Amino acid sequence: MESFDVIVCGSGPAGLSAGLAAASHGASVLILDRDCVIGRKLCATGNGRCNFSNTLHPLKFMAEFGRNGRFMIDALRAAPREFFLDLLLQEGIRPKVEDDVHYFPMNGRASDVRDAFLHAAKKAGAETRSSSGVRRVLAENGAVSGVETESGDVIRASHVILACGGTAAPALGGTASGLELAKSLGHGVREPVAALAPVHVDDPWLSELAGVTVPDAELGVAVGTRRVSMRGSLLFTHTGFSGPAALNLSGTVNRALSGGKPAQIFLRVLPDKKEQDLFDYLVAERENVPDHLLKNSLARIMPRSLASLVCERLFGEDFHSKRLTNAGAHELAHLLDRIPFTVSKPASMDEAMAMDGGVLLKEVDPRTMESRLVKGVHFAGEILDLTGPTGGFNIQFALSSGRLAGLAAAGAL
Ligand SMILES: Cc1cc2nc3c(=O)[nH]c(=O)nc-3n(C[C@H](O)[C@H](O)[C@H](O)COP(=O)(O)OP(=O)(O)OC[C@H]3O[C@@H](n4cnc5c(N)ncnc54)[C@H](O)[C@@H]3O)c2cc1C
């Protein structure tokens with residue numbers, strides 16, 4: 001029977017990073033993936049360009065993952081961004097920073113990032129096998145003893161790293177398989193919902209704006225008594241919203257929808273202006289340019305098509321500023337401050353770039369990524385209940401948590 005020190009389930013960024021770390025510290029390592037392509041999803045990231053990290057300070061980086069972000073503090077210390085930048089350089093990949101924030105490979109090829117990690121892991125001695133899914137994690141007396149593959153082979157190991165990713169983007173290998181393995185070991189899982197996905201609204205008039213971009217908008221959702229909102233660029237689509245503000249809010253919206261009731265979301269197209277500022281602007285326009293169409297006044301501070309649509313819906317076509325009453329100005333300012341929409345249909349996993357949900361963090365030791373329930377089992381990457389926004393957060397977390405898990409599994413901490 002085959003035997004390794006460490007078996008890594010999954011060859012995404014978390015699995016490759018884990019395998020590389022463990023093999024570099026002398027462990028015999030086998031990386032298994034159920035897909036026939038190693039790191040398939042990684043090759044499709046960032047529109048094929050792979051936004052693998054960003055320039056944020058670690059404290060700010062963690063904060064972007066929400067209140068559980070501090071879970072990754074040890075992972076970021078053990079495996080900071082600089083470590084991976086050096087590694088890529090050693091593998092001949094020059095990183096570049098776009099918008100002063102986002103790291104991409106200079107040549108714009110995500111597959112080269114995958115190749116770099118794969119090459120480094122193999123050079124360190126790790127063996128990889130594609131089309132080799134793990135069906136069962138074997139445990140005896142509270143400690144892991146190996147895995148059983150989908151073809152029925154049993155392979156022994158004293159450490160098994162579950163880096164199986166999540167359910168997002170099934171066409172790229174997203175699957176619940178890792179979550180099922182975790183559950184079979186007794187782990188709790190927060191049920192996955194689609195994250196980093198478009199938001200579909202019930203209001204059909206919005207489709208008239210498809211293709212319009214607002215460079216800085218705020219999209220929010222009421223969750224019980226809390227309001228969660230995201231700010232950033234927003235794209236109107238035929239069915240609702242996309243762009244960073246919508247993608248980053250979608251996990252919260254879809255989670256709210258999992259209660260079975262529609263969610264109320266709101267859009268602020270001028271997030272730096274208060275309702276009173278908007279009222280003052282409208283009144284000033286009425287006084288200064290009374291013969292101008294109101295929609296032209298609005299088009300000076302927001303996208304023209306949105307300005308026209310809002311004015312027409314409230315006041316009809318060709319409405320001049322001089323006809324605006326104070327009550328009308330209040331109504332318009334109130335609407336612009338918070339345009340409401342209803343969402344009753346969650347985005348599907350096919351549309352999602354990540355899942356919100358995963359293995360409960362309280363059951364995993366953040367210093368080693370080891371299970372608190374089964375000795376020798378470690379978790380890394382998206383399988384964990386920690387999801388970041390768009391912009392290189394999720395791959396960096398996968399790499400860092402993978403490395404920490406690999407170091408711990410190899411006894412190198
Ligand atoms: C289209 C798209 C674009 C994205 N762009 C970016 C981006 O630019 N920047 C960014 O930070 N994030 C991006 N992401 C998110 C990012 O891809 C994930 O966060 C990241 O891949 C997670 O890494 P992982 O190693 O945890 O999981 P994955 O990359 O999903 O890898 C998990 C692997 O485990 C394998 N597996 C599953 N179950 C088993 C099993 N039972 N046995 C063996 N193998 C198994 C799978 O086949 C898969 O290869 C994007 C996602 C998508 C879908």
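Please read these numbers as outputs of a predicted model, since none were measured by experiment. In listed order, ligands and their atoms are each counted from 1. Values reported hereafter were calculated over all heavy atoms of this structure, with side chains retained and with hydrogens, waters and symmetry mates removed.
At least one N or O atom of Gly46 sits closer than 3.5 Å to an N or O atom of ligand 1. Ligand 1 has an N or O atom lying under 3.5 Å from an N or O atom of Asn51, backbone or side chain. By the 3.5 Å distance cut-off applied to N or O atoms, Arg34 is counted among the residues near ligand 1. Where the criterion is an N or O separation shorter than 3.5 Å, residue side chain and backbone included, Ala14 meets it with respect to ligand 1. Taking only nitrogen or oxygen atoms, main chain and side chain alike, Glu382 reaches within less than 3.5 Å of ligand 1. Checked by distance only, ligand 1 and Glu150 stay at 3.5 Å or farther apart across all their nitrogen or oxygen atoms. Ligand 1 has no N or O atom lying under 3.5 Å from any N or O atom of Gly133, backbone or side chain. At under 3.5 Å, a nitrogen or oxygen of Ile395, whether backbone or side chain, sits near a nitrogen or oxygen of ligand 1.
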Let's go through Phe236 and Phe241 carefully: what are the C-alpha distance in whole Å and the side-chain angles of both, what is the deciding distance for side chain to side chain contact (heavy atoms under 4.5 Å, CB included) to 0.1 Å, and is it a yes or a no?
CA-CA 5 Å; Phe236 288 87; Phe241 304 105; 3.4 Å; yes
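Among protein heavy atoms, the minimum distance from atom 31 (O) of ligand 1 is reached at Gly12 CA, 3.4 Å. For atom 47 (O) of ligand 1, the nearest protein heavy atom (residue, atom name, distance) is Asp33 OD1, 2.6 Å.
Closest to atom 17 (O) of ligand 1 by heavy atom, among Leu162, Thr45, Thr175, Val134, is Thr45.
A salt bridge links Glu191 to Lys183: one of the charged nitrogens lies within less than 4.0 Å of a carboxylate oxygen. The existence of a salt bridge linking Arg156 and Glu140 is confirmed by a sub-4.0 Å separation between a basic side-chain nitrogen and an acidic carboxylate oxygen. The residues Glu351 and Lys345 are annotated as not salt-bridged, no charged nitrogen and carboxylate oxygen being separated by less than 4.0 angstrom. Under 4.0 Å is where a charged nitrogen must lie from a carboxylate oxygen, and between Glu98 and Arg49 at least one such pair does. The pair Asp280-Lys273 does not count as a salt bridge, with every side-chain nitrogen at least 4.0 angstrom from each carboxylate oxygen.
Close to ligand 1: Lys41, with a non-hydrogen atom less than 4.0 angstrom away. The closest approach between any non-hydrogen atom of Leu42 and ligand 1 is not below 4.0 Å.
With a 4.0 Å heavy-atom cut-off, ligand 1 is reached by the backbone of Phe393 but not by any atom from C-beta on. Residue contacts with ligand 1, taken as heavy atom pairs separated by less than 4.0 Å, involve Pro13 via backbone and side-chain atoms alike. Looking at Asn394 against ligand 1, both its backbone and its side chain come within 4.0 Å, counting heavy atoms. Residue Cys164 touches ligand 1 through backbone and side chain together, judged by heavy-atom distances below 4.0 Å. If you look at Ala398 next to ligand 1, the close heavy atoms, those under 4.0 Å, all belong to the side chain. Residue-level proximity to ligand 1 for Ala163 is carried by the backbone, the only part with a heavy atom below 4.0 angstrom.
Put simply, CG on Leu181 and NE2 on His187 are 11.0 Å apart, with the number rounded to the nearest 0.5 Å. Atom-to-atom distance recorded for Cys311:SG and Lys295:NZ is 8.0 Å, nearest 0.5 angstrom. How far CD1 of Ile339 is from CZ of Arg268: 11.0 Å, rounded to the nearest 0.5 Å.
Residue Lys274 places its NZ atom among 12 or fewer non-hydrogen atoms of other residues, nucleotides or ligands, all under 6.0 Å distant. Within 6.0 Å of CZ in Arg367 there are 12 or fewer heavy atoms belonging to other residues, nucleotides or ligands. Other residues, nucleotides and ligands place no more than 12 heavy atoms under 6.0 Å from the CZ atom of Arg136.
Remark: ligand 1 atoms within the under-4.0 Å shell around heavy atoms of Gly381 are 26 (O). Atoms of ligand 1 found under 4.0 Å from any heavy atom of Leu32 (numbered from 1 in listed order, with element): 43 (C), 44 (N). Of all atoms in ligand 1, numbered sequentially from 1 with element shown, those under 4.0 Å from a heavy atom of Gly10 are 33 (C), 34 (O), 35 (C), 44 (N). Proximity to Gly165 (heavy-atom distance under 4.0 Å) selects the following atoms of ligand 1: 26 (O), 27 (O), 30 (O), 32 (C). Below 4.0 Å from some heavy atom of Ala169 lie the following atoms of ligand 1, by number and element: 53 (C). Taking every heavy atom of Ser177 and a limit of under 4.0 angstrom, the matching atoms of ligand 1 come to 38 (N), 39 (C), 40 (C), 41 (N). The Met353 neighbourhood of ligand 1 comprises atoms 2 (C), 3 (C), 4 (C), 15 (C), 50 (C), 51 (C), 52 (C), 53 (C), with distances under 4.0 Å to a heavy atom of that residue.
Using a 4.5 Å heavy-atom threshold, the side chains of Leu162 and Val160 count as touching. Side-chain contact between Leu249 and Val228: present, with at least one pair of heavy atoms (C-beta onward) separated by less than 4.5 Å.
In this structure, Arg81 fails the cation-pi test against Tyr103, since its NZ or CZ atom is not both closer than 6.0 Å to the six-membered ring centre and inside 45 degrees of the ring normal.
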